[in-house]
Amino acid sequence: MKLEVKDIKKSFGEKEILHGVSFEVVSGRAMGFLGRNGAGKSTTIRCLMDVFRQDSGQFLLDGQPFRPWEMRIGYLPEERGMYQKNDVLGQLTYFAMLRGANRADAARTAHYWIDYFSLGDFKKKKLETLSKGNQQKIQIAQSFLNEPDILILDEPFSGLDPVNAQVFKDTIAQFVKEGKLVIFSSHQMSYVEEVCDDVTLIHEGNILLTGDLKQIKQAEGRDKLLITPMNGELGALQDKLTAAFPTLVITQDRGSLIVDTQGKAMQAELLSWFAQDGTALRRFGLYEPSLADIFIQKVGETA
Amino acid sequence: MKHFATVFNYELKTQLTKKAGIVTMIVMIIIALVGTSVPRIIALFDKPAEPGTPTEITAPAPEVDSAIGYVVTDEDAARLLAPAIGENPKLYDSRDALVKAIEAEEVELGFVIDQSLNYEAIFKDRSMYEERDTHFGNALTHIKKEQMILSHGLTVDDFNAIENQSAQGQVTILGKNSGNNYLLSFVLMLVVYMVVLMYGNTVSSIIAREKDSRTMEILITSTRPSSLILGKVAAAGVAAVLQFGLVVLAAYIGFQMNKSTYPEIVIMMVSGSLSSSYLLTYLFFSFFGFILYLFLYAALGSTVSKMEDLGSATALVQFLFIFSYVMASIAAQTPNSTLAVVASVIPFSAIMVMPMRAGLVSVPWSQLILAGGLMLVAVAFFAFLSIKIYRWGSLNYGNKTKLTRIVKEALRPDIR
């Protein structure tokens, strides 16, 4: 399956929130939808889920208009909520039935996911009696009901402790392995980096970049070297390098220098220079930016 | 509408198994049983009259209470008063002396009687249940009547014979006897009143809680808003019929069990001229009116973001419903007045006014058809509107919005 988000625009009152959002997601690959708070992630997802209707643009699934109510979709809204005063099993069964399962299948999938998150003892308990962490697991479990073909998760890692986050990451990985289409929004880059094959970066309602995460990293790190001096004196080394190579663009980043060589030729020249200069180095290699680096850089470029 | 049954079943089960609801129903069933047993309970404590003792009509018993003082200035009056004030009354010379005696708490109450047997009753403090002055007034009235009868050369027996003359009449009622149906109509109106308030508030709080807890977004992305609203309203309607059906059944059983202890007039008023056409009218307008109010409550429940705002949000519909109750009370007194006729046609008030009128008078078919048609149209329109407002509510959190603006925004074509 291929889900295409095409030129989505959405305004609230006079203010346009999404200014032509476009990206693609394919089955068997997890797509991380990144952006700061208020960037437009949840609005895009809500338009996709038909909670809001976009002013213009299209959502297409394999070239056809996307109708979420006709699909098997697991959806975890950003603002999660379930019936606090109803029992866990009953309401998960209910949600599964609302998404098209018959009673027997709904009960089966509800049992499965409650047990999957090791909450079997709480099936008949009211949700409000569970701890906050366990309530979160139940809320996540509701998005996995009915073996969805498409998973749309809005800030799924928000509020999860590291253990639950790991369980959740493993589950998403399993869904991806099974060829499901997975989209999740987040502003927590590390989780996205671990789980996603593709990323889309949104900022103030505009898509800054979208595509394969590895390729993006390679492209963003192209012609850049990461150099870490043994003595940790970044300023001195930066001064020496600037004096020797005035055309280099050098920045300091977490104990290292990132040197934009603007071409492969310069990299060999630099290596020779270090050999002659005798500066002891801990590291000299190709620079691969983290997702957070790319995010900060891209957002910074728009400022 | 694909998941209407799923929503209906879940909501109905939730409502019927709610502990608070079960307890309320048990209490109401007990009240119904005890309430209908009141005549029997009263009969247990009432001493039956001794058999064979004839009931005589006599003059009111004279007041011989030593806590009462009297001032009688006229000798003739004093002679006539003897049967009313006893043999040894506490007599005072003047009104002032009597007032002083009352203030000194020598006596509790004083009467100043003039030559025409008119009197003034003087109290220091008069309790709410005080009746001695009334009794004394009755006794004096009796004496005065007796004097007048005698002065016309008649005896008291002659007078009583004249008084007891009456024309024998027969009443033929072509339509309805308001007196017979009044009690039943009023009781049934109260049942509708309770059902609408109880279940209307239940529906609005269910929806407001869904919004407050952010469950709504999961629901509307899982199924259509129409299935959700119609399922919830239908569940509340069926829960009301089941639960209040039990209460009415308990009241009926209680009535049948204790029927023998009820005064004849009450039995006549309850079952007197209860007709199938009246029952049909009552059921039609009560049921569809109830559904109409449930949709209104559901729509207003969708407009709040927090549970604590629900009271103010539903105030409008509460006011509308209380207005309907007032209209029904007016219709009970003047069922054919223009106000009652108009109120019985407007769907918001027809829920109570039309059954009330139908119980008391013969409502023309034209009015029944018009009111029934308007009721069905109103139910359909407000069902549609409540679905739209529910959908609107799922998109709007936080700021309070005016109802007119909500309706305008909810009807926008881009809200599915």
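Keep in mind that what you see is a predicted model, and the values were worked out from it rather than measured. A, B, ... follow the sequence lines: proteins, then strands. Residue 1 opens every chain.
- Separation of atoms CD (B:E217) and OH (A:Y75) is listed at 3.5 Å; rounding is to 0.5 Å.
- To the nearest 0.5 angstrom, A:F95 atom CZ is 6.0 Å from B:T215 atom OG1.
- With a 4.5 Å cut-off on side-chain heavy atoms, B:T221 and A:D50 do not count as touching.
- The shortest heavy-atom contact between A:F52 and B:R391 is N-NH2, 4.4 Å.
- A distance of 13.5 Å separates CZ in B:R224 from CG in A:L98, rounded to the nearest 0.5 Å.
- Nearest heavy-atom pair, B:I218 versus A:R99, reported as atom, atom and distance to 0.1 Å: CG2-NH2, 3.5 Å.
- A search for side chain to side chain donor-acceptor pair (under 3.5 Å) contacts involving A:S186 returns nothing, not counting sequence neighbours.
- Heavy atoms of other residues, nucleotides or ligands lying less than 6.0 angstrom from NZ of A:K169 number more than 12.
- Heavy atoms of other residues, nucleotides or ligands lying less than 6.0 angstrom from OH of A:Y116 number more than 12.
- Using a 4.5 Å cut-off between heavy atoms, B:T14 touches chain A through its side chain atoms alone.
- Using a 4.5 Å cut-off on side-chain heavy atoms (C-beta onward), B:R209 and A:Y83 make no contact.
- Counted by atom type alone, B:Y10 and A:Q91 present zero donor-acceptor pairs between their side chains at under 3.5 Å.
- Contact annotation for residues 119-158 of chain A against chain B (heavy-atom separation below 4.5 Å, listed by residue number): A:Q142.
- Considering only heavy-atom pairs separated by less than 4.5 Å from chain B, the leading option among A:K85, A:M82, A:R103, A:Q84 is A:M82.
- With 3.5 Å as the limit, one finds no donor-acceptor pair spanning the side chains of B:N9 and A:Y94.
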